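Indexing begins at 1, ligand by ligand and atom by atom, following the structure's order. Bear in mind that the values here come from a model prediction, so they are computed numbers and not experimental data. Positions are given from 1 along the sequence.
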Amino acid sequence: MSDLENKLKEVEQELALSKEHLEKMMIEQQDAARLLIRRDLALSRANEKLQALDVAKSEFISIAAHQLRTPLSAIKWILHMISNNEFRDDAEKVQFVEKAVQSTDRMIALVNDLLEVDHIQSGKDQFVFTTVDVVAVVNSVVSEIQSLVEKRGVKLNLNLSPEIHISGDVNKLRAVFQNLIENAIKYTQPGGTVTVSSLLEKETAKFVVTDSGIGIPDNQKPHIFTKFFRAANALRVDTVGSGLGLFIAREIVLRHGGKIWFESEVGKGTSFFVELPIAPVQK
Ligand code: ADP
């Protein structure tokens with residue numbers, strides 16, 4: 001082979017190597033471009049999520065502020081009356097001061113619910129799991145709300161097992177049953193009945209709170225566990241609820257590995273069911 005031919009061969013080999021190198025670089029660049037597009041998509045999605053969260057947070061604050069404004073205004077108005085001594089007599093004064101106390105209680109309950117929702121949503125809420133007799137929890141809730149039962153003129157029937165021990169957080173479980181039983185009483189007309197029953201099934205403790213009350217309209221059923229949601233017929237019966245109780249109750253039941261659902265018919269009544277595993281997985 002002549003020198004020239006050798007040189008040409010060398011150049012050819014170098015060119016082949018460069019081509020291979022270039023092809024490799026192109027593939028690498030295409031991979032990098034694909035990765036960038038994927039990252040860009042992921043960032044856009046995260047951004048959309050953050051924007052949605054921001055909107056949800058603003059809505060939460062706005063509804064909470066509106067709900068706090070009503071009792072606060074009532075208190076301000078009553079304080080104003082006291083300072084101007086605008087009452088007919090002492091009896092009327094006492095009546096209005098009691099109203100101010102009720103408004104304060106309402107605000108405290110609302111603030112507690114708001115804090116609970118915030119804790120649940122931010123994952124700050126610490127659950128303390130111990131062995132709990134859930135029937136005893138229900139019984140203690142029932143004895144604490146006797147005055148509400150009497151005030152509403154509702155008949156409360158209990159059909160509870162002697163005891164059912166599960167692994168759970170006693171205070172959180174108390175909040176669940178307090179909400180369900182108080183709702184049943186609140187949304188039942190005087191003379192109606194509320195029945196609380198329990199049943200020990202194979203691996204679960206099942207509780208049913210049944211009332212003969214106003215019921216839940218079919219078109220509002222999908223929203224019942226949504227934060228701040230209150231059905232129109234409930235608003236007419238009870239003007240002071242926050243619409244946070246069932247949201248909180250559901251979160252608590254889920255954290256116990258349980259289930260919560262309801263059946264309801266307008267004008268006939270509602271049953272709320274809670275199923276709790278005897279030994280739930282701790283989350
Ligand atoms: P609140 O009772 O403060 O409004 P909840 O979150 O406890 O809030 O309940 C949300 C809504 O679910 C109520 O406003 C009402 O419309 C409906 N609800 C709950 N329990 C009952 C019940 N036992 N009977 C009829 N409606 C109910």
Side-chain angles (χ1 to χ4, degrees), residues 56 59-60 63-71 102-121 138 141-142 144-145 148-149 151-159 172-197 207-255 258-274:
E59 267 174 19
F60 182 79
I63 299 174
H66 272 98
Q67 290 211 1
L68 282 169
R69 197 162 59 178
T70 314
Q102 279 166 15
S103 291
T104 316
D105 285 344
R106 206 177 126 197
M107 279 174 49
I108 294 170
L110 184 58
V111 168
N112 283 340
D113 278 355
L114 291 170
L115 285 174
E116 185 69 27
V117 169
D118 181 51
H119 277 173
I120 285 172
Q121 288 188 323
V138 173
V141 168
V142 166
E144 272 169 24
I145 54 175
L148 181 65
V149 175
K151 197 170 136 205
R152 294 282 308 173
V154 167
K155 188 170 170 359
L156 181 62
N157 300 319
L158 297 179
N159 191 3
K172 305 287 181 196
L173 290 172
R174 174 184 292 276
V176 171
F177 291 108
Q178 188 167 349
N179 178 254
L180 296 183
I181 301 171
E182 273 183 10
N183 276 352
I185 297 167
K186 263 190 335 193
Y187 300 121
T188 298
Q189 298 88 345
T193 51
V194 170
T195 307
V196 186
S197 353
F207 291 85
V208 191
V209 181
T210 299
D211 63 60
S212 62
I214 58 172
I216 300 169
D218 282 345
N219 63 346
Q220 325 232 321
K221 284 180 180 169
H223 314 292
I224 284 303
F225 291 102
T226 308
K227 251 179 298 170
F228 295 115
F229 182 81
R230 306 197 68 214
N233 60 344
L235 281 166
R236 283 195 292 273
V237 175
D238 176 76
T239 49
V240 298
S242 68
L244 292 174
L246 282 180
F247 171 81
I248 295 170
R250 193 181 67 150
E251 293 297 316
I252 294 173
V253 170
L254 293 180
R255 285 279 288 270
K259 279 192 259 174
I260 180 167
W261 72 101
F262 65 90
E263 288 167 9
S264 184
E265 206 177 317
V266 169
K268 288 211 168 150
T270 304
S271 290
F272 270 89
F273 302 84
V274 172

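- Heavy atoms only, all atoms of each residue included: Ala249 and Ile260 are closest at CB-CD1, 4.4 Å.
- Near Lys186, with a cut-off below 4.0 Å to any heavy atom, the atoms of ligand 1 are 1 (P), 2 (O), 3 (O).
- The nearest heavy-atom contact from the protein to atom 4 (O) of ligand 1 is Arg230 NE, 2.5 Å.
- For ligand 1, the atoms sitting less than 4.0 Å from at least one non-hydrogen atom of Leu244 are 6 (O), 8 (O), numbered in the order shown with element in parentheses.
- Residue Gly241 approaches ligand 1 through these ligand atoms, each under 4.0 Å from one of its heavy atoms: 3 (O).
- At least one donor-acceptor pair closer than 3.5 Å links the side chain of Ser212 to the backbone N or O of Thr193.
- Met107 and Leu68 make their closest contact through CG-CD2, 4.0 Å (heavy atoms, listed as atom of the first residue, atom of the second, distance).
- Every heavy atom of Phe225 sits 4.0 Å or more from the atoms of ligand 1.
- The aromatic rings of Phe272 and Phe225 sit perpendicular to each other, their planes meeting at more than 60°, with 30° as the lower class boundary.
- For atom 23 (N) of ligand 1, the nearest non-hydrogen atom of the protein is Asp211 OD2, 2.8 Å.
- Shortest contact from atom 7 (O) of ligand 1 to any protein heavy atom: Asn183 ND2, 2.8 Å.
- Within the 4.5 Å cutoff, no side-chain heavy atoms of Val196 are placed close to those of Val141.
- Here the heavy atom of the protein found nearest to atom 26 (N) of ligand 1 is Ile216 CG1, 3.4 Å.
- Scanning the protein for heavy atoms near atom 3 (O) of ligand 1, the closest one is Ser242 N, 2.9 Å.
- Under 4.0 angstrom from ligand 1, the non-hydrogen atoms of Asn179 all belong to its side chain.
- Here the side chain of Asp211 pairs no donor or acceptor atom with the backbone of Gly269 at under 3.5 angstrom.
- Checked for salt-bridge contact, Lys172 and Glu116 meet the test: a charged N lies under 4.0 Å from a carboxylate O.
- Arg152 contributes a side-chain N or O that, together with a main-chain N or O of Thr188, makes up a donor-acceptor pair within less than 3.5 Å.
- Contact annotation: Gly213 has no heavy atom less than 4.0 Å from any atom of ligand 1.
- For ligand 1, the atoms lying closer than 4.0 Å to a non-hydrogen atom of Ala231 are 14 (O), 16 (O).
- Under a 4.0 Å N-O distance rule, the pair Arg174/Glu144 qualifies as a salt bridge.
- At the top of the distance list for atom 2 (O) of ligand 1, counting protein heavy atoms only, stands Tyr187 OH, 2.7 Å.
- Taking each heavy atom of Leu180 and Val209 in turn, the nearest pair found is O-CG1, 3.8 Å.
- Of all atoms in ligand 1, listed by their number and element, those nearer than 4.0 Å to a heavy atom of Ile224 are 12 (O), 17 (C).
- Residues passing the salt bridge (charged side-chain N to carboxylate O under 4.0 Å, His left out) test with Lys221, sequence neighbours excluded: Asp218.
- Looking at atom 11 (C) of ligand 1, its nearest protein heavy atom turns out to be Phe229 O, 3.6 Å.
- The parts of Leu246 lying near ligand 1 are both backbone and side chain, judged by heavy-atom distances below 4.0 Å.
- With hydrogens and angles ignored, the 3.5 Å screen pairs no side-chain donor or acceptor of Arg255 with any backbone N or O of Ile120.
- Atoms of ligand 1 found under 4.0 Å from any heavy atom of Thr270, numbered from 1 in the order shown, are 24 (N), 25 (C).
- Note: no N/O pair closer than 3.5 Å links Phe247 and ligand 1 by distance alone.
- Atoms of ligand 1 lying under 4.0 Å from any heavy atom of Gly243, numbered from 1 in the order shown and given with element: 1 (P), 3 (O), 4 (O), 6 (O), 8 (O).
- The six-membered or imidazole ring of Phe247 lies away from that of Phe228, with a centre-to-centre distance of 6.0 Å or more.
- Judged by the shortest distance from any of its heavy atoms, Gln220 lies outside the 4.0 Å radius around the atoms of ligand 1.
- Scanning the protein for heavy atoms near atom 15 (C) of ligand 1, the closest one is Ala234 CB, 3.5 Å.
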